[in-house]
Amino acid sequence: MFFFRMIFRSFSRQFKRRLLIAVTVCLSATVSVAMLGVVFDVGDKLNAELSTYGSNITVQPKADAVVNDLYNTGGDANSNASGTSESDPTTFLKESDAPKIKTIFWAFNITNFAPELNIHADVNCASESVDSSSCKASGVPIVGTWFAKTLHMDSGESTVAGMNGMRSWWKLDGSWPKDDSAQGLIGTTLASKLGVTKGDTVTLYKTTADGSRNKQRITITGIYDSGDSDNNAMYIPSSTAQVLANLPDSIDKIEVKALTTPDNDLARKASKNPNALTQDEWETWYCTAYPSSIAYQIEEVIPGSVAKQVRQVAALQSDVLQKTQAVMVLMTVLSLVAAAIAVANLMAASIGERGSELALLKAIGATDGAVSRLMLAETAVISLVGAIVGALLGSGVAQIVGHVVFGSGITMRPMVFVLVFVLLTLTVLIASFSSIRSILGLKPAEVLHGR
């Protein structure tokens, strides 16, 4: 009861100094909870943010992958027939196998995907509003793909996949074409060259492998600006491109956007040769959303395919994530250091002002340990109040950061609060140590006689 009475008396004195300790701990807790909350949740947020700028996994036929590796001709994930290659593909995957991507272990991490059939065709205008004599182009890159195709899975679930979500950075004047239709999009460069606008109709001519000359009328529903060489191409539904090229159920690439975990030593080892992993390593790698493990699982479900992560995108995600986490951890450490210095100074000043009170306690029989525990208990109670308030404020700040930076809230994990309270406890103990030592040096006779 003695200690409880002394704690109550302590709260009634030096209110301002105790309030400063509580505010210091509160601010430190606010910063720590906010920063660590974002750190533990920033991985998925950054991956989702960066994935809006393109796919991070590409799927090709094995023969194409071998050629790309042999001659170093592989491009980035968003390259298509508008690149440097003027030839049509000669090896294919089955379009009907593409939905199997959503059946892998990490299916829920696959946010979008789109198959592609990259061919070349001659274009003539078929609109009365355009001079057909000057509206001609040969060898135009044509990309047959999905735009917003609804897939019904064997599990009973449905999903929507296609370029509508894969090319979110495009500036589109018009509307997206409908799948399995005679509609299409045209790039700004090609549209300017041909002199066509949205609503016009063009005719595509394609000489197939058997020598026949196929044609297909396409209504332009929109003009897109991709900001790169893709502006020289046209995008049409995959089914229409397959009829034009006489290549039923054929695609030569699948672009995949997936939420992934940044690579570490295990992932890098597995990407070179999964068979070199031990059983425990293989299970850890397979059950973690590394780009290489997701690519491996895609290869398992799509026959004759090779899935590869886009190194530039994966490296960017890892680099940005590590730097963001490092900055936030540094801010947390600095806030704890600042709190330790402030609490130490405030406690030293408090002990200096209360020297006679503490000396009197020692004079009537209180031991150094009892007096030290009294000061620690008082500081602990004040710090606990500040930490609880700071934790609540920190959660709110984390949500503000999440909505401002990522457009969504931050999931606050219990581990964050436990870690912050442990760190604050250690910080307060370390800050109190030097001040408590001064109590041990108090000599009641000298202090009470004013010496």
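All figures in this text were calculated on a predicted structure; none of them were measured in a lab.
Taking every heavy atom of both residues into account, Ser87 and His120 meet most closely at O-CE1, 3.7 Å. Contact between Ala241 and Ile119 at its shortest, heavy atoms only, is O-CD1, 4.1 Å. Looking at every heavy atom in both residues, Ser181 comes nearest to Thr240 through O-OG1, 2.6 Å. For the residue pair Ser305 and Val59, the shortest heavy atom distance occurs at CB-CG1, 3.6 Å. When all heavy atoms of Gly184 and Ile218 are compared, the closest pair comes out as N-CG2, 3.6 Å. Heavy atoms only, all atoms of each residue included: Ser239 and Asp180 are closest at OG-OD1, 2.9 Å.
Note on residues 283-304: no pairs pass salt bridge (Lys or Arg N to Asp or Glu O under 4.0 Å), not counting sequence neighbours. For residues 202-213, every residue pair satisfying the salt bridge (Lys or Arg N to Asp or Glu O under 4.0 Å) rule, not counting sequence neighbours, is listed here: Asp88-Lys206, Asp122-Arg213.
A donor-acceptor pair under 3.5 Å links the side-chain atoms of Ser250 to the main chain of Pro248, judged by distance alone. Judged by distance alone, with hydrogens and angles left aside, the side-chain atoms of Thr24 form a donor-acceptor pair with the main-chain N or O of Leu20 at under 3.5 Å. Under a 3.5 Å cut-off, the side chain of Asn231 and the backbone N or O of Ser226 do form a donor-acceptor pair. For the pair Thr288 (side chain) and Thr284 (backbone), a donor-acceptor distance under 3.5 Å is present. Between the side chain of Thr427 and the main chain of Ala340, no donor-acceptor pair closer than 3.5 Å is present. Checked by atom type and distance alone, the side chain of Tyr224 pairs as donor or acceptor with a backbone atom of Asp230 at under 3.5 Å. Of the possible donor and acceptor atoms, one in the side chain of Ser395 sits under 3.5 Å from a partner among the backbone N and O of Ala391. Between the side chain of Ser32 and the main chain of Ala29, no donor-acceptor pair closer than 3.5 Å is present. Asn112 places a side-chain N or O within donor-acceptor distance of the main-chain N or O of Gly162, the cut-off being under 3.5 Å. At least one donor-acceptor pair under 3.5 Å links the side chain of Gln183 to the backbone N or O of Lys178.
Between Leu151 and Val160 there is no side-chain heavy-atom pair separated by less than 4.5 Å. Side-chain atoms of Trp170 and Met163, non-hydrogen and from C-beta on, never get closer than 4.5 Å to each other. Side-chain contact between Thr197 and Ile220: absent, with no pair of heavy atoms (C-beta onward) separated by less than 4.5 Å. Side-chain contact between Lys269 and Leu277: present, with at least one pair of heavy atoms (C-beta onward) separated by less than 4.5 Å. Between Ile302 and Ile101, the closest side-chain pair of non-hydrogen atoms falls below 4.5 Å. Residues Asn56 and Gln309 form no side-chain contact, since every pair of their non-hydrogen atoms from C-beta on lies 4.5 Å or further apart. Inter-residue side-chain proximity for Leu93 and Asp252 is flagged as unmet; no heavy-atom pair is nearer than 4.5 Å. Within the 4.5 Å cutoff, the side chain of Leu185 has heavy atoms near those of the Trp176 side chain.
Classification of the Phe105-Tyr286 ring pair by plane angle, with boundaries at 30° and 60°, yields tilted.
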- Task: Report the C-alpha distance between Val123 and Tyr205 in whole Å, list the side-chain angles of each, state the deciding distance to 0.1 Å, and finish with yes or no for side chain to side chain contact (heavy atoms under 4.5 Å, CB included).
- Result: CA-CA 6 Å; Val123 180; Tyr205 295 90; over 6 Å; no
TODO: Test side chain to side chain contact (heavy atoms under 4.5 Å, CB included) on Val33 and Met412 and set out the steps.
DONE: CA-CA 9 Å; Val33 168; Met412 298 302 298; 3.6 Å; yes
Point to revise | Trace of the side chain to side chain contact (heavy atoms under 4.5 Å, CB included) decision for Leu27 with Val31 | key: CA-CA 6 Å; Leu27 291 176; Val31 174; 5.6 Å; no
| message | Please evaluate residues Met234 and Val202 with respect to the criterion side chain to side chain contact (heavy atoms under 4.5 Å, CB included), reporting the C-alpha separation (whole Å), side-chain torsions for both, the decisive distance (0.1 Å), and the verdict. | response | CA-CA 11 Å; Met234 283 184 61; Val202 299; 4.0 Å; yes
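Summarising the geometry, atom CE belonging to Met328 is positioned 10.0 Å from atom CG belonging to Leu36; distances are rounded to the nearest 0.5 Å. To the nearest 0.5 Å, the span separating CD1 on Ile294 from CD1 on Ile110 amounts to 5.0 Å. For the atom pair CG (Asp179) and OG1 (Thr150), the distance works out to 8.0 Å, reported to the nearest 0.5 Å. Considering CG of Leu117 and OG1 of Thr145, their distance stands at 9.5 Å, rounded to 0.5 Å. Separating the NZ atom in Lys94 from the CD1 atom in Ile251 is a distance of 11.5 Å, to the nearest 0.5 Å. Atom OG1 of Thr159 sits about 10.5 Å away from atom NE2 of His152, to the nearest 0.5 Å.
If you check the side chains of Trp285 and Ser292, you find a donor sitting under 3.5 Å from an acceptor. Defined by atom type and a distance below 3.5 Å, a donor-acceptor pair is missing between the side-chain atoms of Asn232 and Ser229. Donor-acceptor pairing under 3.5 Å is lacking for the side chains of Asn124 and Thr203. Ser238 and Glu95 share a side-chain donor-acceptor pair at under 3.5 Å.
Other residues, nucleotides and ligands contribute more than 12 heavy atoms inside 6.0 Å of the CE atom of Met153.
Contact check on Glu157 versus Lys102 returns no salt bridge, with no Lys/Arg side-chain nitrogen under 4.0 Å from an Asp/Glu carboxylate oxygen.
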